[in-house]
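Everything on this sheet refers to the single structure shown next.
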There are 2 protein chains.
Amino acid sequence: MVTKADILERVKRRGERVTLPRLAVIEALCALNSHQTAQSIQQHLAGQQIDLEESTVYRVLQWLKDLGIVAQTDLGQSGITYEVVSTPPHHHLVCLVCGQIQDVDDSVLEPLRRHLRADYAFEPRIDHMAFFGICCRCRSAGSVDREDAESLPPR
Amino acid sequence: MVTKADILERVKRRGERVTLPRLAVIEALCALNSHQTAQSIQQHLAGQQIDLEESTVYRVLQWLKDLGIVAQTDLGQSGITYEVVSTPPHHHLVCLVCGQIQDVDDSVLEPLRRHLRADYAFEPRIDHMAFFGICCRCRSAGSVDREDAESLPPR
DNA sequence: CTACATGCAAATCCTTTGCATCCAC
DNA sequence: GTGGATGCAAAGGATTTGCATGTAG
């Protein structure tokens, strides 16, 4: 778990300026779960009487991304989401039925990486991936059986 | 390889109307490689003196998707891309350096699917995936070594 | 003091929608 | 003929950008 202090230290060590909007976005990213959009961050801060311009949020997020502190993922549903890069890397299972997002360990991708390197001479950089499917709860809820699942759209 | 005639037959069998814009988009999708955007399809057709409204292209693509004839993928770079659903399913390796897109067989994902089912009780629907990394040509070109690759953004 | 970050507004890009007209069946 | 598809224009949402101002260092 990366804390606000961790990030601030890294930022300062690089000689970057620390401003209120930057502090606020960093704090929001640490306080909230992963997969925040620019909007959700802005709203979270607005709830604390910190009102930032949307463009500012985007600029701060871009800046944090350039510094390698946050990662972008396109979950394909509601725009681009951001989250603090944590060690170790992980990935996400997005349920097509209920929208629930579950984290999975990076190790699930090792076999795939080996395969791509060996058979395709491709050096994968799979930092942060989203896989779609049906989560255990929706499967057992019976609202969606295997047949229905098959007819769901790809995303 | 799915041909224009194949698609037309399927469309007619379902009692759907065949119009010039629909014909044109189907033709373009068959003629072009995978991963076309609404724009690239429109431009391709414009080059043949077939000028379609952008909204029409979107509507035809949506329609083809609803019929299960084309699939959408968000390659994360330049908006949503479309391609004719072919059997068997396949996935894509997108080079972060040169942008080249290479197809990979669906079988590379089997170990991952097994893993997700067994360890996460998650029923994956990974129909069409894009993986980012460095392709063999860019690796051997030496323009990018492993170190540089590490500093590349996730996407 | 100076470079850089911010707020504001406008622009841009991609995609969708409403509506009158047109055409495939 | 009629329902559904199209063109056109306008709306929509997410993200970016230009510029004057403000502020961290």
Side-chain angles (χ1 to χ4, degrees), chain A residues 7-28 35-46 49-67 69-82 153-155, chain B residues 7-28 35-46 49-67 69-82 153-155:
Chain A
I7 295 176
L8 282 180
E9 201 217 310
R10 280 200 274 166
V11 164
K12 285 180 185 164
R13 192 157 0 111
R14 300 223 206 174
E16 294 285 339
R17 288 194 187 174
V18 176
T19 63
L20 176 71
R22 289 181 172 181
L23 266 176
V25 171
I26 290 169
E27 193 154 86
H35 311 300
Q36 300 304 315
T37 62
Q39 250 193 53
S40 67
I41 290 170
Q42 192 195 27
Q43 284 168 3
H44 170 81
L45 292 172
Q49 280 72 50
I50 304 179
D51 291 304
L52 300 187
E53 259 303 299
E54 238 176 338
S55 59
T56 302
V57 178
Y58 280 109
R59 277 191 281 225
V60 173
L61 288 170
Q62 180 66 49
W63 169 73
L64 287 168
K65 186 189 145 203
D66 291 344
L67 292 175
I69 290 169
V70 307
Q72 275 186 354
T73 321
D74 189 344
L75 293 184
Q77 334 187 87
S78 46
I80 299 169
T81 62
Y82 299 84
R155 36 182 8 178
Chain B
I7 295 176
L8 282 180
E9 201 218 311
R10 279 199 273 165
V11 164
K12 285 181 185 161
R13 192 153 4 108
R14 300 223 206 173
E16 293 285 339
R17 288 195 187 174
V18 176
T19 63
L20 176 70
R22 290 181 170 179
L23 266 177
V25 171
I26 290 169
E27 193 153 86
H35 311 301
Q36 300 304 315
T37 62
Q39 250 193 53
S40 67
I41 290 170
Q42 192 196 25
Q43 285 167 4
H44 170 82
L45 292 172
Q49 279 71 49
I50 304 179
D51 292 304
L52 300 187
E53 260 303 298
E54 238 177 337
S55 59
T56 302
V57 178
Y58 280 110
R59 277 191 279 226
V60 173
L61 288 170
Q62 180 66 50
W63 170 73
L64 287 168
K65 186 188 144 203
D66 290 343
L67 292 176
I69 290 169
V70 308
Q72 274 187 355
T73 322
D74 189 344
L75 292 184
Q77 334 187 87
S78 45
I80 300 169
T81 62
Y82 299 83
R155 29 170 28 164

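All chains are named by letter (A, B, ...) in the order of the sequence lines, taking the proteins before the strands, and each is independently numbered beginning at 1.
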Looking at side-chain heavy atoms only, is the closest gap between A:Tyr82 and A:Val60 below 4.5 Å?
-> no
Please tell me which of B:Val18 and B:Gln62 maps to the more 5' nucleotide of DNA chain C, matching each residue to the nucleotide holding its nearest heavy atom.
->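 That would be B:Gln62.
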Specify the residue among A:Arg17 and A:Glu53 whose closest nucleotide of DNA chain C lies further upstream toward the 5′ end.
->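 The residue mapped nearer the 5' terminus is A:Arg17.
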Check every strand shown and say whether B:Gln39 touches a base, only sugar-phosphate, or nothing at a heavy-atom separation below 4.0 Å.
-> sugar-phosphate
When all nucleic acid strands are considered with a 4.0 Å heavy-atom cut-off, which category describes A:Arg22: base, sugar-phosphate, or nothing?
-> sugar-phosphate
Ranking C:dT15, D:dT15, C:dG7 by distance to the side chain of A:Glu54, first place goes to D:dT15
Of all the nucleotides listed (D:dT15, D:dG7, C:dG7), which has the minimum atom distance to the side chain of A:Leu52?
-> C:dG7
What is the distance, to the nearest angstrom, from the [atom1] atom on [X] to the [atom2] atom on [N]?
{"X": "B:Ile80", "N": "D:dA14", "atom1": "CD1", "atom2": "C1'", "result": "13 Å"}
{"X": "B:Gln42", "N": "C:dT16", "atom1": "CD", "atom2": "P", "result": "14 Å"}
{"X": "A:Leu61", "N": "C:dA5", "atom1": "CG", "atom2": "P", "result": "15 Å"}
{"X": "A:Arg13", "N": "D:dG25", "atom1": "CZ", "atom2": "P", "result": "16 Å"}
{"X": "B:Glu16", "N": "C:dC23", "atom1": "CD", "atom2": "C1'", "result": "16 Å"}
{"X": "B:Lys12", "N": "C:dC25", "atom1": "NZ", "atom2": "C1'", "result": "12 Å"}
{"X": "A:Leu64", "N": "C:dA5", "atom1": "CG", "atom2": "P", "result": "12 Å"}
{"X": "B:Leu23", "N": "D:dT6", "atom1": "CG", "atom2": "C1'", "result": "14 Å"}

Using modelled atom types only, decide if a donor and an acceptor are shared between the side chain of B:Arg10 and the backbone of B:Ile69 within a distance under 3.5 Å.
->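 No; zero donor-acceptor contacts below 3.5 Å.
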A:Gln42 side chain to A:Leu52 main-chain N or O, any donor-acceptor pair under 3.5 Å?
->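 Yes.
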Can you find a side chain N or O atom of [X] that sits less than 4.0 Å from OP1 or OP2 on [N]?
{"X": "A:Ser55", "N": "D:dT17", "value": "no"}
{"X": "A:Thr19", "N": "C:dT6", "value": "yes"}
{"X": "B:Tyr58", "N": "C:dT16", "value": "no"}

Quiz item: B:Arg59 side-chain donor-acceptor pair to D:dG4 base, under 3.5 Å =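 For B:Arg59, whose side chain was compared with the base of D:dG4, there is no donor-acceptor pair (under 3.5 Å).
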Heavy-atom nearest pair, A:Leu45 first then A:Ala24, reads CD2-O, 3.6 Å
B:Gln36 CD to B:Ile41 CD1 distance, which is reported to the nearest 0.5 Å | 6.0 Å
